[in-house]
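Just dropping this structure here.
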Amino acid sequence: MTNINTEKLSSARFAEATDAFVEVFTASVDFDQRMAAQDIEGSIAHATMLAHCGILTEQERDDIIRGLTQISAEIASGAFVWSIKQEDVHMNIEARLTDLIGIAGKKLHTGRSRNDQVATDIRLYMRHEINQISAQLTRLQHAILNLAEQHFDTIMPGFTHLQVAQPITFGHHLMAWFEMLSRDAERLADCLKRVNVLPLGAAALAGTSYPIDRYKTAELLGFDRPSANSLDSVSDRDFAIEFTAVGSLIMIHLSRFSEELILWSSAQFDFIDMPDAFCTGSSIMPQKKNPDVPELVRGKSGRVTGNLMSLLMLMKSQPLAYNKDNQEDKEPLFDTADTLINCLRAYADMIPHLRAKKDNMYNSAKRGFATATDLADYLVRKGMAFRDAHEAVGLAVRLGVDTGRDLSELSLEELQGFSALITADVFDYLTLEGSVAARKHIGGTAPETVKAAIATARLAM
Ligand code: ARG
């Protein structure tokens, strides 16, 4: 049986009131009130433009701005009463405006629809969030650069297949993280270009018959330009999908950093000491110090990629122009922005306090035959074909494994047993220091190259 709400009819068009459950079901005010500041900012610009074009009087514009300014203060102080009877943030604010200033409040919606209004609010909101996210991303990049600078010549094993591959410097590893984040920063900046376009003026879908000036509104709100097609303006959520895709990639990067920090802080690797303030203990095992922050960040990468899927599916097959489906865009977007800001912030706070256990990193590189490639390259330089060198070094590694020694710990006679080309200078190449120093081309792991990469990165920031 339909449960009729007799307090309010949705509009003169309706003979029956909205079903009470439907009223709750269709309301978005519980979550879209987060955009109140943007809604007010957009309305002030709209009213200013209407007065500029002679559609409202200056008195009406001033009354509207005064009323909206008061509402803004009421919201800030917590005095504002949000009501699901007014469905969403837009109608709550407009209803209160009419309470406060009367007839001029009812004129604010001239030449506008909630369809272009909501699209404008989201874009304003996202512009703000993208700037916050970029600021945290930059903080993290600086923290990584500082740490890389301390460790430009700290030797550690580099891995492929999570097996020791070749020696690298910790600074070089950190600069790989930096590169990933630099691309993220570029993608965010690029996404902002498509966010910063004004939909207002599209009205419901077809534009408006009032002589509005969309360039004026764009200028007042700091948008780069008005959107080019009214249908597209009210129905486009590409920018939201794009933002969440960029955000997903950021979270995937953070999940990879997290995985490494978690592995490195384990007793088995023991490469780093995580700051106590970013770890917790176990309620039962007294010895535990768990890397909670990286674990949680790794876990949160799932929700952001989930939000991306939600938004893609939200838009799939939607006909032009606005559909109520679009009300579902906000929660995944807000959640994505919150998650990104929090995770980047936690990382930017944590990285400066990471302590590298240099000796453990060094010894681990030494135990893993990390300079085997250097021995092969040495033989090639002395005239051996690479595949033969690969074979000879493979045999030398086997001797090392069998006798529990690194290549640099085999005797010259033992090494000469694998190739007569080997002479005493081989030990210059079998050391970890010699191995990293040799990789000094651009992009290589040599300490001097890493230093230069850090300097270049600092200049570009
Ligand atoms: N709350 C709505 C949303 O978030 C606002 C736009 C409503 N427009 C409409 N024609 N019902 O999308």
Side-chain angles (χ1 to χ4, degrees), residues 5 8-14 16-19 21-43 45-46 68 71 75 80 82-98 106 108-129 195 197-208 217 227 229-241 243-244 307 310-337:
N5 165 6
K8 183 206 89 191
L9 295 181
S10 340
S11 82
R13 158 79 177 76
F14 290 88
E16 261 184 89
T18 314
D19 176 273
F21 173 71
V22 169
E23 188 173 74
V24 176
F25 182 67
T26 54
S28 56
V29 66
D30 284 349
F31 50 85
D32 66 16
Q33 59 180 265
R34 272 176 68 144
M35 306 189 302
Q38 289 72 27
D39 195 68
I40 289 171
E41 188 186 351
S43 290
H46 181 64
L68 289 171
I71 291 171
I75 293 170
F80 191 88
W82 297 101
S83 161
I84 64 149
K85 298 215 174 303
Q86 296 300 338
E87 193 179 319
D88 56 23
V89 61
H90 325 291
M91 305 229 281
N92 268 269
I93 290 174
E94 195 186 320
R96 176 70 183 141
L97 183 67
T98 302
K106 294 188 186 176
L108 170 63
H109 214 51
T110 309
R112 174 176 92 167
S113 151
R114 273 187 298 154
N115 298 350
D116 59 344
Q117 185 179 359
V118 70
T120 303
D121 291 4
I122 302 171
R123 284 168 184 267
L124 287 172
Y125 187 83
M126 283 183 54
R127 188 171 76 186
H128 178 259
E129 296 294 285
V195 167
V197 176
L198 172 80
L200 209 61
L205 77 165
T208 175
T217 319
S227 54
N229 179 291
S230 65
L231 294 177
D232 182 49
S233 309
V234 291
S235 64
D236 170 38
R237 294 292 182 274
D238 291 1
F239 63 92
I241 294 175
F243 166 72
T244 313
N307 290 339
S310 296
L311 290 173
L312 283 166
M313 290 305 106
L314 174 65
M315 296 314 293
K316 180 184 177 296
S317 312
Q318 266 199 52
L320 290 174
Y322 176 87
N323 301 284
K324 182 77 168 178
D325 310 42
N326 286 357
Q327 185 164 291
E328 286 288 305
D329 63 354
K330 284 163 209 69
E331 288 158 296
L333 262 181
F334 297 161
D335 185 67
T336 297

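Just the heavy atoms: all of them, side chains too, but no hydrogens, waters or symmetry mates, feed the values below. Counting starts at 1 for both ligands and their atoms, in listed order.
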| request: Output yes when a side-chain donor or acceptor of H90 lies under 3.5 Å from a complementary backbone atom of N115, and no otherwise. | output: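 Here the side-chain-to-backbone pair does not exist.
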
| query | Cut-off 3.5 Å, side chains only: do Q327 and D88 have a donor facing an acceptor? | reply |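 No.
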
| said: So, regarding Y322 and ligand 1 (criterion: nitrogen or oxygen to nitrogen or oxygen, under 3.5 Å), is there a contact or not? | reply: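 Among all N and O atoms of Y322, at least one is under 3.5 Å from an N or O of ligand 1.
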
| said: For ligand 1 and Q327, I'd like to know whether there is a polar contact (N/O to N/O, distance under 3.5 Å). | reply: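 For ligand 1, there is an N or O atom that lies under 3.5 Å from one belonging to Q327.
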
| query | Is the shortest heavy-atom distance from the side chain of Q38 to the side chain of V89 under 4.5 Å? | reply |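 The answer is no, as the side chains (C-beta and beyond) never meet within the 4.5 Å cut-off.
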
| message | Which of the numbered atoms in ligand 1 are under 4.0 angstrom from any heavy atom belonging to S28? | response |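 It comes down to these atoms of ligand 1: 1 (N).
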
| said: At under 4.0 Å between heavy atoms, is it the side chain or the backbone of E87 that contacts ligand 1, or both, or neither? | reply: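 The answer is neither; E87 stays 4.0 Å or more away.
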
| query | Which heavy atom of the protein is the closest neighbour of atom 11 (N) of ligand 1, given with residue, atom name and distance? | reply |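 Atom 11 (N) of ligand 1 sits closest to the protein heavy atom R114 NH2, 3.5 Å.
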
| field | Closest approach of any protein heavy atom to atom 10 (N) of ligand 1, naming residue and atom | value |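 Here the nearest protein heavy atom works out to N115 OD1, 3.1 Å.
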
| query | Is it true that K330 lies under 4.0 Å from ligand 1, counting heavy atoms only? | reply |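 For ligand 1, residue contact (heavy atoms, under 4.0 Å) with K330 is present.
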
| query | Ignoring hydrogens and geometry, is there a side-chain-to-backbone donor-acceptor pair from D116 to L200 under 3.5 Å? | reply |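 No; zero donor-acceptor contacts below 3.5 Å.
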
| Separation of M91 CE from R114 CZ (nearest 0.5 Å) |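 R114 CZ to M91 CE: 4.0 Å, rounded to 0.5 Å.
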
| For ligand 1, which atoms sit closer than 4.0 Å to a heavy atom of D88? |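 In order of number, 1 (N), 2 (C), 5 (C).
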
| field | By side-chain contact (heavy atoms from CB on, under 4.5 Å) - contacts of S230 (at least two apart) | value |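 S230: side-chain contact (heavy atoms from CB on, under 4.5 Å) contacts with A202.
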
